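Keep in mind that this is a model prediction, so the values were computed, not measured. The figures here come from the full heavy-atom set of this structure, side chains too, leaving out hydrogens, waters and symmetry mates. All ligand and atom numbering here is 1-based and tracks the order in the structure.
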Amino acid sequence: MSDESSGHGRRRPRPDTLAIGNHKLKPATLMMGHGFDPTLSEGSLKPPIFLTSTFVFESAAAGKRFFEGVTGKRPGGAEGLVYSRFNGPNQEILEDRLAIWEEAEDALSFSSGMSAIATLLMSFCGPGDMIVHSGPLYAATETLIGRILGKFGVGWMDFPAGATEAEIADVMRAARARGRVALIYLESPANPTNALVDVEAVRRARQELFADAPPPIAIDNTFLGPLWQKPLGHGADLSVYSLTKYAGGHSDLVAGAVVGAKALIDPIRMMRNTIGTITDPNTAWMLLRSLETLELRMTRAGENAEKVCAYLRGHPKVEHVGYLGFLAEDPSRQGDIYRRHCTGAGSTFSLYLKGGEREAFAFLDALSIAKLAVSLGGTETLASAPAAMTHLSVPDERKKALGITDNLVRISIGVEDADDLIADFEQALEAI
Ligand SMILES: *Cc1c(COP(=O)(O)O)cnc(C)c1O
């Protein structure tokens, strides 16, 4: 819970220990207790789940003061809890802990990754405005920007992930000629190509073209965040998450988040308060449990993926493995972006088999440890065929441009034993 003092009687959590002397505590340590004071909850070691729709004010003056914060009459949000569409204790603890990973000033939790993205876009864009975005984007985000916001008069232009600073600036210039550029929206690595966006180059291009009123740079950091990529450190203003994936990590919830500068989070909070896209207390509580093991889980999944991809890469039935880890030594521009922006390769990659749909399906049907399902970032290994599933409705031409071919299998590696996973992939490749 935020520790601003209200002066209106609400008991506040004790300030957290964020450092011991000059030794700054790491996120993995802070996930166990940051933002929660057991003395405010009967000494309970773990936060209770606060199942309530509304909160009692200690006085009418306190109620008025809280509402001044909620309605934006005073900046900075509510000083106390008011009503569960605006916030609650579980969500506040979650938001404090989410902010830690990217050293963000503030954070907001949402009912899904898509409701986080929709609330963000609605907060900054109005009729006549333009969004400049990297491409490709998560399919639902493309639908939201391309087909839904268009109905409200918001236009867009995109540049391919991997574009150079000059190419990015050209697109920004062209968009500026068509309307006010309200937002720069990135996704890196892009789904499903794994192409990386040069966030530092985007920042420089924005600086050059929009020195007076720079549009915010937001980035979908679901695939590598918050462990292996911290875009706020590379020039992004807002980092967006589907917490459904690695942050939740157990394939048992749907949630989202936006973290970043307070001045930009405030208008998003106002929008969330209005339309009610906050996550619920139970999901927030589950995410607190998830965050305690986030570093352990992601580290293990990353190590597993490295071993599995090293095995798959040399297999005679494999055409190509699209794994970010192979960029570490790569002299290409993608390799350069990887070395500047990423501290790990994640555990989600593309496996191109020799052959087509028949071979991909035979492989998927033969898997016994890995489950055949879409999504990623869970404790268990998942595999799917994008051309036949997540990207089925994408026009053939665009599929081809994105490398979504019939022989593509998308794999998200979990925290199982690596040798067991390799044995499973080995027998499934034999079954083709
Ligand atoms: C899953 C995902 C989303 C959407 O998140 P939901 O929690 O399913 O709403 C957005 N972006 C990326 C990159 C994703 O993988």
Side-chain angles (χ1 to χ4, degrees), residues 91 94 98 107-122 131 133-149 158 161 183 185-197 199 218-229 231 236 238-259 268 272 275-280 282-284 286-287 290-291 294 298 301 305 322 324 341-342 345-350 373-378 382-384 386 389-391 394 402 404 410-414:
Q91 295 93 325
L94 171 64
L98 286 171
L108 295 170
S109 62
F110 291 88
S111 57
S112 70
M114 282 318 302
S115 75
I117 294 166
T119 308
L120 163 78
L121 296 177
M122 286 172 67
I131 297 171
H133 72 81
S134 63
L137 297 174
Y138 183 71
T141 310
E142 282 204 0
T143 302
L144 182 58
I145 292 176
R147 291 200 234 145
I148 298 174
L149 287 184
D158 67 342
L183 183 69
Y185 186 87
L186 315 174
E187 183 176 311
S188 183
N191 180 27
T193 58
N194 267 3
L196 297 171
V197 177
V199 181
I219 178 167
D220 187 330
N221 195 31
T222 299
F223 269 73
L224 291 180
L227 197 59
W228 297 305
Q229 180 173 261
L238 295 165
S239 192
V240 184
Y241 288 89
S242 168
L243 301 177
T244 312
K245 315 296 168 52
Y246 288 98
H250 296 72
S251 307
D252 55 6
L253 61 84
V254 172
V258 179
V259 310
I268 307 172
R272 189 188 70 173
I275 64 179
T277 41
I278 192 169
T279 191
D280 65 280
N282 188 69
T283 303
M286 289 172 73
L287 281 158
S290 293
L291 289 180
L294 179 100
M298 290 184 80
L324 285 173
H341 288 51
C342 310
S347 80
T348 304
F349 60 93
S350 300
V374 299
S375 197
L376 60 116
L382 301 181
S384 64
M389 297 166 191
T390 47
H391 292 72
V394 175
L402 295 178
I404 305 170
R410 276 290 269 183
I411 296 174
S412 166
I413 296 290

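For the atom pair Glu187 CD and Asn221 CG, the distance stands at 10.5 Å (nearest 0.5 Å). Residue Leu227 holds its CG atom at 11.5 Å from SG of Cys342, rounded to the nearest 0.5 Å. To the nearest 0.5 Å, the span separating CG on Leu186 from CG on Leu196 amounts to 12.0 Å.
Where the criterion is an N or O separation shorter than 3.5 Å, residue side chain and backbone included, Asp220 meets it with respect to ligand 1. For a threshold of 3.5 Å applied to N or O pairs, the pair formed by Met114 and ligand 1 contains at least one separation below that value. For ligand 1, the polar-atom distance check against Ser242 finds a nitrogen or oxygen pair separated by under 3.5 Å.
Of all atoms in ligand 1, numbered sequentially from 1 with element shown, those under 4.0 Å from a heavy atom of Thr244 are 6 (P), 7 (O). Shown in contact with Ala255 at under 4.0 Å from a heavy atom are these atoms of ligand 1, numbered in order with element: 7 (O). The ligand atoms of ligand 1 that sit less than 4.0 angstrom from a heavy atom of Phe223 are 13 (C), 15 (O).
The closest protein non-hydrogen atom to atom 8 (O) of ligand 1 is Tyr138 OH, 4.0 Å. Of the protein's heavy atoms, Lys245 NZ, 1.4 Å lies nearest to atom 1 (C) of ligand 1.
Without hydrogens or angle criteria, Ser112 side chain to Val254 main chain gives no donor-acceptor distance under 3.5 Å. Here the side chain of Arg410 pairs no donor or acceptor atom with the backbone of Val374 at under 3.5 angstrom. No side-chain donor-acceptor contact under 3.5 Å links Thr283 to the backbone of Thr279.
For Phe349, there are no ring-ring contact (aromatic ring centres under 6.0 Å, His included) partners at least two apart in sequence or on another chain.
Contacts of Asn191 with ligand 1, taken as heavy-atom pairs under 4.0 Å, are absent altogether.
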